[in-house]
A.B. asks: 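Dropping a structure here in structure tokens format, bear with me for questions.
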Amino acid sequence: MRTPIIVGNWKMYKTASESTAFIKKLESEVARSSSKVFLAVPFTTIAAASVAAQGTSIVIGAQNMHEAEEGAYTGEISARMLKEAGTAFVLLGHSERRQLYHETNVLINLKIKRALVCGLQPILCIGESLAQRESGETEHVLKKQLEECLQGLILPELLHLIIAYEPIWAIGTGKTATPQIADHAHAVCREFFMKKWGKEVADGISILYGGSVKPDTIEGLMQQPNIDGALVGGASLDPHIFAQIISKR
Ligand code: PGA
């Protein structure tokens, strides 16, 4: 009942012209696919990628935004700017933003609210570190991230949200979580939604897995009941490899 979603996260890779060439190569695979295909591209690539994606079902989004409506924030980008440039969604709270740019749950909460006001679909990224997993804190960490990042949100808004569970130890490391480990974490998240907002939200919300997803790991992950798609970093940079992920899911 939840349509699978495969999201490519290009991070700081690909210029505008490179994005156009990539989308042309991916088009036919996307047309055959029953999954939704999203691409989170760099800011300067949004306009060209949006033009290239016209007439396809590829959805273009951003990887970050500022929480304020507008203001004297040199170097920042607002949700309204993203929307007008052609984005439909935005990644928020990616672990690289949390670790390298010190983004907190409180800040991410403000960003989610701003994105929703401006009509952008937030993809909230959460996940535990290796140390947290090894000390048995995973469930606590995930629930705390969800609680604090979603503080103050109400039901119709929540239905626009997507969650991406990305264990930090699996991102860019080649260590995918096993389907069972990932599904257990997803079940913890779904139960959080069930307890707090009830069945409609818990059943409706898409929870994606991210962390070293490759063509040979996607099938096992997607067979799990609580895994609704994937957030793919490194393997989304090559159109042939990304196409294999889309076709195999
Ligand atoms: P990876 O990145 O697939 O390269 O591990 C995932 C992500 O950071 O979203």
Side-chain angles (χ1 to χ4, degrees), residues 4-33 35-65 77 82 85-101 121 123-125 127 162 164-177 182 206 208-222 227-249:
I5 306 172
I6 306 292
V7 186
N9 173 14
W10 283 357
K11 309 194 180 186
M12 201 173 74
Y13 294 97
K14 295 198 192 292
T15 64
S17 59
E18 288 165 351
S19 78
T20 304
F22 180 101
I23 288 169
K24 285 223 165 348
K25 286 187 189 145
L26 199 67
E27 256 172 27
S28 54
E29 198 56 65
V30 172
R32 277 195 292 273
S33 173
S35 303
K36 294 185 192 165
V37 178
F38 287 21
L39 288 175
V41 306
F43 294 138
T44 52
T45 304
I46 290 168
S50 301
V51 170
Q54 270 169 22
T56 78
S57 55
I58 299 171
V59 180
I60 303 298
Q63 303 168 14
N64 181 36
M65 51 167 257
I77 299 276
L82 291 179
T87 59
F89 74 94
V90 58
L91 300 183
L92 293 173
H94 190 280
S95 66
E96 286 153 16
R97 300 293 318 170
R98 293 176 188 261
Q99 290 185 311
L100 303 173
Y101 304 99
Q121 181 169 36
I123 300 183
L124 167 62
C125 305
I162 295 173
Y165 166 63
E166 298 205 298
I168 297 169
W169 47 270
I171 295 178
T173 58
K175 287 188 205 154
T176 321
S206 291
L208 317 181
Y209 168 79
S212 297
V213 173
K214 301 279 182 305
D216 59 346
T217 53
I218 185 74
E219 278 170 299
L221 289 162
M222 291 302 294
I227 300 182
D228 305 316
L231 179 50
V232 185
S236 74
L237 294 173
D238 179 318
H240 303 294
I241 296 176
F242 193 50
Q244 283 178 41
I245 292 178
I246 293 167
S247 70
K248 280 193 174 181
R249 75 96 230 126

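None of the values given here were measured: they were computed from a predicted structure.
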A.B. asks: If every non-hydrogen atom of Q99 is compared with every non-hydrogen atom of I168, which pair is closest and at what distance?
C.D. replies: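 Looking at all heavy atoms of both residues, the shortest contact is NE2-CG2, 3.8 Å.
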A.B. asks: Starting at CG of L221, measure out to CD1 of I227 and round the result to the nearest 0.5 Å.
C.D. replies: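 Spacing of CG (L221) from CD1 (I227) equals 5.0 Å.
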A.B. asks: If you compare all heavy atoms of S212 against all heavy atoms of A170, which two are closest, and at what distance to 0.1 Å?
C.D. replies: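 Scanning both residues, the minimum pair turns out to be OG-O, 2.7 Å.
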A.B. asks: Determine the minimum heavy-atom distance between L231 and A164, stating which atoms define it.
C.D. replies: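 Looks like CD2-CB, 3.8 Å.
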A.B. asks: Minimum heavy-atom separation for T56 and I58, please, with both atom names.
C.D. replies: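 Residues T56 and I58, closest heavy atoms: OG1-N, 3.0 Å.
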A.B. asks: What distance do L91 atom CG and E166 atom CD have between them, rounded to the nearest 0.5 Å?
C.D. replies: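 Rounded to the nearest 0.5 Å, the CG-CD separation comes out at 8.0 Å.
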A.B. asks: Is the closest side-chain heavy-atom distance between P4 and D228 below 4.5 Å?
C.D. replies: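 Not touching, per the 4.5 Å side-chain cut-off.
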A.B. asks: Taking Q63's backbone N and O only, do any of them form a donor-acceptor pair with R97's side chain (distance below 3.5 Å, no angle check)?
C.D. replies: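 No; judged by distance alone, with no hydrogens or angles, the pair does not exist.
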A.B. asks: Mind checking whether V232 and F242 have side chains closer than 4.5 Å, heavy atoms only?
C.D. replies: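 Yes, side chains in contact.
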A.B. asks: Nearest heavy-atom pair of S50 and A85: which atoms, and what distance?
C.D. replies: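 Smallest interatomic distance, heavy atoms only, reads OG-O, 3.7 Å.
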A.B. asks: Are the side chain of T87 and the backbone of L82 linked by a donor-acceptor contact shorter than 3.5 Å?
C.D. replies: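 Side chain of T87 to backbone of L82: a pair is present.
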A.B. asks: To the nearest 0.5 Å, what is the distance between CD1 on I77 and CD1 on I46?
C.D. replies: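 One finds 7.0 Å between CD1 of I77 and CD1 of I46.
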A.B. asks: Taking only residues two or more places apart in sequence, or in another chain, which ones meet W10 in a ring-ring contact (aromatic ring centres under 6.0 Å, His included)?
C.D. replies: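 Result, ring-ring contact (aromatic ring centres under 6.0 Å, His included) vs W10: F22.
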A.B. asks: Sequence neighbours left out, what pairs pass salt bridge (Lys or Arg N to Asp or Glu O under 4.0 Å) with at least one residue falling in residues 4-23?
C.D. replies: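 Checked against salt bridge (Lys or Arg N to Asp or Glu O under 4.0 Å) - neighbours excluded - the pairs reaching residues 4-23 are K11-E96.
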A.B. asks: Tell me, do I246 and L26 make a side-chain contact under 4.5 Å, heavy atoms counted?
C.D. replies: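 With C-beta onward as the side chain, the pair touches.
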A.B. asks: Would you name the heavy atoms of A62 and F43 that are closest together and state the gap between them?
C.D. replies: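 Closest heavy-atom pair between A62 and F43: CB-CE2, 4.1 Å.
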A.B. asks: Checking S33 side chain against S35 main chain: does a donor-acceptor pair fall under 3.5 Å?
C.D. replies: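 Yes, because the side chain of S33 sits within donor-acceptor range (under 3.5 Å) of the backbone of S35.
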A.B. asks: Taking the side chain as C-beta and beyond, is there a heavy-atom pair between V7 and L208 under 4.5 Å?
C.D. replies: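 In short, these two side chains touch, coming nearer than 4.5 Å.
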A.B. asks: For a side chain to side chain contact (heavy atoms under 4.5 Å, CB included) check, start with the C-alpha distance between I245 and I6, then their side-chain angles and the critical distance, and finish with the verdict.
C.D. replies: CA-CA 8 Å; I245 292 178; I6 306 292; 4.1 Å; yes
A.B. asks: Could you check if a side-chain atom of V41 sits within less than 4.5 angstrom of a side-chain atom of I60, using non-hydrogen atoms only?
C.D. replies: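 Yes, at least one pair of side-chain atoms sits under 4.5 Å.
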A.B. asks: As an exercise, state the distance from OG1 of T45 to CE of M12, rounded to the nearest 0.5 Å.
C.D. replies: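 Answer rounded to 0.5 Å: 11.5 Å.
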A.B. asks: Any chance you could measure D216, atom CG, to Q244, atom CD, to the nearest 0.5 Å?
C.D. replies: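 These two atoms lie 9.0 Å from each other.
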A.B. asks: Can you tell if the side chain of C125 reaches within under 4.5 Å of the side chain of L92, non-hydrogen atoms only?
C.D. replies: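 C125 vs L92: side chains apart.
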A.B. asks: Between atom CZ of F38 and atom CD1 of I5, what is the distance when rounded to the nearest 0.5 Å?
C.D. replies: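 Going from CZ on F38 over to CD1 on I5, the span is 5.0 Å.
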A.B. asks: Without swapping roles, check the side chain of Y209 against the backbone of A177 for a donor-acceptor pair under 3.5 Å.
C.D. replies: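 Indeed, once roles are kept as given, a pair shorter than 3.5 Å links the two residues.
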